[in-house]
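In what follows, a single structure is set out as structure tokens and then discussed.
Here is the naming used below: chain letters follow the sequence lines, and residue numbers restart at 1 for every chain.
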2 protein chains.
Amino acid sequence: MIGIGFINAARYYVVSETNKSQPMSQQTEQAYLASYNIKDYDTCLTTVDSVLFTVLNGELYTLLVRRANHPYLAYWGLPGGFIDVQRDVDLTACANRHLAEKTGIIPPYLEQVCSTGSKTRDPRGWSTTVTYYALMAHIQCTTDIDSVDDVQWLPVTQALQMELAFDHKQMIEQALERLKQKALYSLVPVYALPETFTLSELQQLHEVILGKSIQSKSFRRRIELANVLEETGELSTQKGKGKRPALYRVKASAADYRFMRNLEY
Amino acid sequence: MIGIGFINAARYYVVSETNKSQPMSQQTEQAYLASYNIKDYDTCLTTVDSVLFTVLNGELYTLLVRRANHPYLAYWGLPGGFIDVQRDVDLTACANRHLAEKTGIIPPYLEQVCSTGSKTRDPRGWSTTVTYYALMAHIQCTTDIDSVDDVQWLPVTQALQMELAFDHKQMIEQALERLKQKALYSLVPVYALPETFTLSELQQLHEVILGKSIQSKSFRRRIELANVLEETGELSTQKGKGKRPALYRVKASAADYRFMRNLEY
DNA sequence: CTATTTTGAGTCTTTAAGACTCTATTTTGT
DNA sequence: ACAAAATAGAGTCTTAAAGACTCAAAATAG
């Protein structure tokens with residue numbers, strides 16, 4: 001990222017009055033577009049892959065898909081694939097389509113992580129993938145489309161110890177890193193919980209993501225300040241030892257709320 | 001982003017012992033790769049574009065390039081373009097190559113912002129672009145490669161009022177938004193300054209990016225805490241009214257340093 | 001030589017997180 | 001029925017770091 005160079009002199013150019021006058025080429029745009037064919041050029045493969053997280057029994061899970069095609073045939077990898085230039089209107093739609101194909105639903109939270117592209121990451125040639133991560137409640141997750149053996153939830157720790165297709169392991173690591181950052185200054189992880197949840201469940205989820213415990217007083221103070229959750233008025237019906245906790249649901253503004261200060265790390 | 005659905009039952013699948021046993025297809029991987037030709041498929045255009053920022057006279061500038069080809073012939077747009085599948089080893093190299101072609105140097109800071117892809121953003125067809133933003137000292141910026149009229153530094157505010165090629169205006173806005181966030185919790189903007197600089201210059205830069213003034217006591221306290229700048233031992237030679245300010249240079253660790261707490265906004 | 005400007009340090013206040021305490025509520029064991 | 005244990009959730013003191021304001025030192029302009 002660092003690499004400093006110097007040049008001798010600095011010049012400063014003034015913008016011309018208009019940016020549309022006098023086309024610099026003889027060919028008209030219409031003629032150019034009519035004769036343009038993407039297959040005349042060496043292009044790169046472009047795919048969209050998603051890291052779908054959820055939480056179950058206090059553990060973070062991710063969805064893996066067994067590949068039915070070369071390369072990496074029969075390896076486990078991320079849900080995703082090529083852009084369907086007919087059906088996908090944009091990248092987000094492409095990510096959601098692949099996720100819906102595997103889970104049956106469109107997850108309530110989807111965020112772009114980064115793009116990774118290189119000459120060597122795919123044996124078929126220069127390849128770029130746009131990585132998203134998504135969150136959804138575990139109860140919402142299964143599929144009646146793919147056969148049982150093709151799709152599975154796996155604890156993230158376990159997934160990261162497997163040999164996955166392509167560079168999907170690094171992509172999971174990057175998505176997890178992003179989710180960790182979000183857990184430090186937002187309540188985004190809430191989208192991995194079901195419709196209604198308790199504050200303790202939410203705190204436990206943050207703790208699992210961060211890999212460390214949080215002061216519950218701090219956590220609850222922040223939630224009150226953020227004002228992005230609302231009480232349902234009900235208490236949890238799950239039988240447990242202590243006092244019955246209140247149930248909350250998330251307001252629409254939760255996805256964008258950002259605390260000014262991170263939790264300690 | 002919100003859209004919740006439900007399914008009746010949740011199932012949980014256990015991972016199989018190995019992920020490589022018994023290929024599911026008759027064709028070998030070698031045969032598949034030998035017969036694979038990207039041009040047999042409908043692919044999408046993929047480009048890499050960068051928003052290059054610098055600071056001059058207390059104003060934020062960005063580098064624009066005049067397009068020599070259709071579409072958007074003669075419009076101003078971002079430096080960037082197609083991936084050269086022969087020469088570019090990865091996305092970062094591609095971004096740096098296009099920037100070096102226009103400026104003569106590889107900028108000292110480069111960071112990926114996001115990717116934008118849709119059916120409609122390019123009249124030639126489904127197109128995806130990976131947006132980076134880069135920072136460099138203004139004095140380092142000019143070109144001996146492009147003719148004078150092809151490349152120019154322009155105040156960002158002015159660039160955002162122009163009609164630019166493709167969706168490059170939104171890309172500049174996104175890059176600027178990212179830079180603003182960085183200015184709130186890091187010292188990344190320092191890479192828009194020359195090799196040595198004063199703390200006041202750095203503070204003024206942050207103020208320009210944020211569009212508001214900063215308490216200089218807070219700013220200096222943070223810099224001391226971060227420990228990512230070092231005094232050169234010299235004082236600024238620029239003649240000015242008051243006390244001569246100390247010169248600083250950036251340590252290598254500056255790009256990754258992150259404050260726990262944002263400046264107020 | 002004095003007024004003015006800028007750098008840069010000193011210090012009080014404010015905000016929000018960490019750490020710890022305490023109480024109410026619920027289940028479990030006897 | 002009652003004691004013990006566990007959990008939810010509020011109260012409060014401490015601590016860290018930013019905001020706000022003050023002030024001294026160093027430089028220039030007149």
Side-chain angles (χ1 to χ4, degrees), chain A residues 57-58 181 183-187 193 196-207 210-249 257-265, chain B residues 57-58 181-187 193 196-207 210-248 257-265:
Chain A
N57 301 329
Q181 288 305 314
L184 287 173
Y185 62 75
S186 82
L187 293 176
L193 292 173
T196 65
F197 52 87
T198 70
L199 295 188
S200 295
E201 285 167 350
L202 181 54
Q203 180 178 339
Q204 195 193 11
L205 171 56
H206 276 250
E207 288 174 338
L210 295 172
K212 67 154 205 136
S213 59
I214 298 170
Q215 292 285 334
S216 64
K217 183 60 182 179
S218 301
F219 194 68
R220 283 159 191 267
R221 257 190 311 227
R222 284 160 70 96
I223 285 173
E224 195 158 22
L225 178 71
N227 191 32
V228 295
L229 303 185
E230 59 185 10
E231 283 195 73
T232 64
E234 317 257 295
L235 298 182
S236 171
T237 53
Q238 292 206 11
K239 75 152 192 197
K241 231 164 175 210
K243 191 171 172 177
R244 289 220 266 117
L247 286 173
Y248 288 77
R249 83 167 63 82
Y257 188 83
R258 200 187 187 299
F259 294 101
M260 290 277 294
R261 197 164 156 179
N262 281 7
L263 290 173
E264 277 186 8
Y265 204 57
Chain B
N57 301 328
Q181 289 304 316
K182 289 274 169 179
L184 287 174
Y185 63 75
S186 82
L187 293 175
L193 292 172
T196 65
F197 52 87
T198 70
L199 295 188
S200 295
E201 284 167 351
L202 180 54
Q203 180 179 340
Q204 195 193 10
L205 172 55
H206 277 250
E207 289 174 338
L210 295 173
K212 64 153 208 140
S213 60
I214 298 171
Q215 292 284 335
S216 63
K217 183 60 183 178
S218 302
F219 194 69
R220 283 157 191 266
R221 257 189 311 228
R222 284 160 70 96
I223 285 173
E224 194 157 22
L225 178 71
N227 191 32
V228 295
L229 303 185
E230 60 185 8
E231 282 194 74
T232 64
E234 318 257 293
L235 297 182
S236 172
T237 53
Q238 292 207 12
K239 76 153 192 196
K241 232 168 173 205
K243 189 172 173 176
R244 291 224 259 107
L247 286 174
Y248 288 78
Y257 187 85
R258 198 186 188 300
F259 294 101
M260 289 279 293
R261 197 164 155 179
N262 280 9
L263 290 172
E264 277 185 7
Y265 205 58

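Other residues, nucleotides and ligands contribute more than 12 heavy atoms inside 6.0 Å of the CD atom of A/E230.
In this structure, NE2 of B/H206 is placed 13 Å from P of D/dA18, rounded to the nearest angstrom. Between the CZ atom of A/R220 and the C1' atom of C/dG18 there is a distance of 16 Å, given to the nearest Å. Remark: C1' of C/dG18 and NZ of A/K212 are 9 Å apart, rounded to the nearest angstrom. The CD-C1' distance, from B/Q203 to D/dG19, rounds to 13 Å in whole Å. Regarding A/L184, its CG atom lies at a distance of 18 Å from the P atom of C/dA16, rounded to whole Å. The distance between atom CG of A/L202 and atom C1' of D/dA8, rounded to the nearest whole Å, is 14 Å. Note: OH (A/Y185) to P (C/dA17) measures 16 Å, nearest angstrom. Put simply, CD on A/E224 is 12 Å from P on D/dG9, counting in whole angstrom units.
When the nucleotides D/dT7, D/dG19, D/dC21 are ranked by their closest atom to the side chain of A/K243, D/dT7 comes out on top. The side chain of B/K217 lies closest to C/dG10 when the candidates are D/dG9, C/dG8, C/dG10. The side chain of A/E264 approaches C/dG18 more closely than any other nucleotide in the set C/dG18, D/dA8, C/dT6. Ranking D/dA18, C/dT11, C/dT5 by closeness to the B/R222 side chain, first place goes to D/dA18. Distance from the side chain of B/L263 is smallest for D/dG19 among the nucleotides D/dG19, D/dA8, C/dT7. For A/K241, the side-chain atoms get nearest to D/dT7 when compared with the rest of D/dG19, D/dT7, C/dC20. Listed nucleotides: C/dG8, C/dA17, D/dC21. Nearest to the side chain of B/L199: C/dG8. The A/R261 side chain lies nearest to C/dA17 when the options are C/dT26, C/dT7, C/dA17.
When both distances must be under 3.5 Å, the Watson-Crick or G-U wobble mate of D/dG30 is C/dC1. For D/dC13, the paired nucleotide is C/dG18, the pair qualifying as Watson-Crick or G-U wobble because both relevant distances are below 3.5 Å.
In this structure, A/E207 contributes its side chain and A/I214 its backbone to a donor-acceptor pair below 3.5 Å. Remark: side-chain polar atoms of A/T198 are not paired, donor with acceptor, to backbone N or O of A/L247 under 3.5 angstrom.
Annotation: of the two residues near DNA chain C, A/S218 and A/L235, the 5′-most nearest-nucleotide partner is A/S218.
In this structure, A/R222 forms a cation-pi arrangement with A/F259, its terminal cationic atom sitting closer than 6.0 Å to the ring centre and no more than 45° off the ring axis.
Side-chain atoms of A/R221 and base atoms of D/dG11 include no donor and acceptor less than 3.5 Å apart.
Among all heavy-atom pairs drawn from A/Q203 and A/S216, the shortest one is OE1-CB, 3.0 Å.
In this structure, B/R220 and B/Q215 have side chains that are not in contact, with every pair of non-hydrogen atoms separated by 4.5 Å or more.
Among the protein residues, A/S200 comes within range of the sugar-phosphate backbone only, with heavy atoms under 4.0 Å from sugar or phosphate atoms but none that close to a base.
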